[in-house]
Amino acid sequence: RAGRVEVEREVVREGLAVRGEASDVVVTGRVRLRDGSALRSSSVAGDVVTAGRVRMHSVAVTGAGIDVESGTLTANHLTVFGSGAAGVRVPSGAEATLANSVVWGFASGGRVTATFSHLPESGVDPGFDSSGDLRLRADSPLVDAGDPRPLDADEPETDALGVVRALDGNG
């Protein structure tokens, strides 16, 4: 699809190629993000491949992880869960910057710059609950571990599951 996808939790079964912005989609299969594109408040059951300057916000990725082929990936409130060598793979010359994110189930987090984020190297289980949708258990060490500042005006108020984002996770 090209351009902006603005529908309520549209299910895309065979993958998605984005030029522009896509939000509120559930993708089964590969997602390809091209230069200048953004994926927001969405979930991907498959791999994500990026090229150029790409943004992701409030996205859950399960499967093989994210390949930053070239350029820069800037991601906030990203959850990547799966298995393999690295959840976010970044070759020489490319960059990935994560904030308020969790990468788990992989041997390493890849070459990323991360703030308020949890990568496999920590060795600490993030405490996902048993529902399979990547929600955290109430006793997770990651509850309230993100950036304490309020969301910026351009940040989505819903998370990767389409649920209004909690401001205080432990009451």
- Query: Has the side chain of Ser140 got a donor or acceptor atom that lies under 3.5 Å from a matching backbone atom of Pro126?
  - Reply: yes
- Message: With salt bridge (charged side-chain N to carboxylate O under 4.0 Å, His left out) as the rule and sequence neighbours excluded, what pairs involving residues 104-119 come up?
- Response: none
- Message: Quiz question: by atom type and distance under 3.5 Å, do the side chains of Asn76 and Asn100 form a donor-acceptor pair?
- Response: yes
- Query: Do any pairs count as a salt bridge (charged side-chain N to carboxylate O under 4.0 Å, His left out) and have a residue in residues 62-72, sequence neighbours left out, and if so which ones?
  - Reply: Arg32-Glu69, Asp67-Arg89
- Query: Any sub-3.5 Å donor-acceptor pair from Ser37's side-chain atoms to Arg34's backbone N or O?
  - Reply: yes
- Evaluate whether atom CZ of Arg55 has more than 12 neighbouring non-hydrogen atoms of other residues, nucleotides or ligands under 6.0 angstrom away. no
- Item | Summary of ring pair (Phe, Tyr, Trp, His ring centres under 6.0 Å) pairs that have at least one residue in residues 80-100, sequence neighbours excluded | Phe81-Phe128
- Heavy-atom donor-acceptor pair, Ser117 side chain to Ser101 backbone, under 3.5 Å: yes
- Message: Between His118 (side chain only) and Val124 (backbone N and O only), is there a donor and an acceptor less than 3.5 Å apart?
- Response: yes
- Task: Rounded to the nearest 0.5 Å, what's the gap from OG1 on Thr74 to CG on Leu98? Could you check?
- Result: 9.0 Å
- Query: Is the shortest side-chain N to carboxylate O distance from Asp47 to Arg30 below 4.0 Å?
  - Reply: yes
- Message: Given 3.5 Å as the limit, does a donor-acceptor pair link the side chain of Ser42 with the main chain of Ser23, or not?
- Response: no
- Query: Given the rule that I, L, V, M, F, W and Y join up when any side-chain heavy atoms are under 4.5 Å apart, are Trp104 and Leu136 in one cluster?
  - Reply: yes
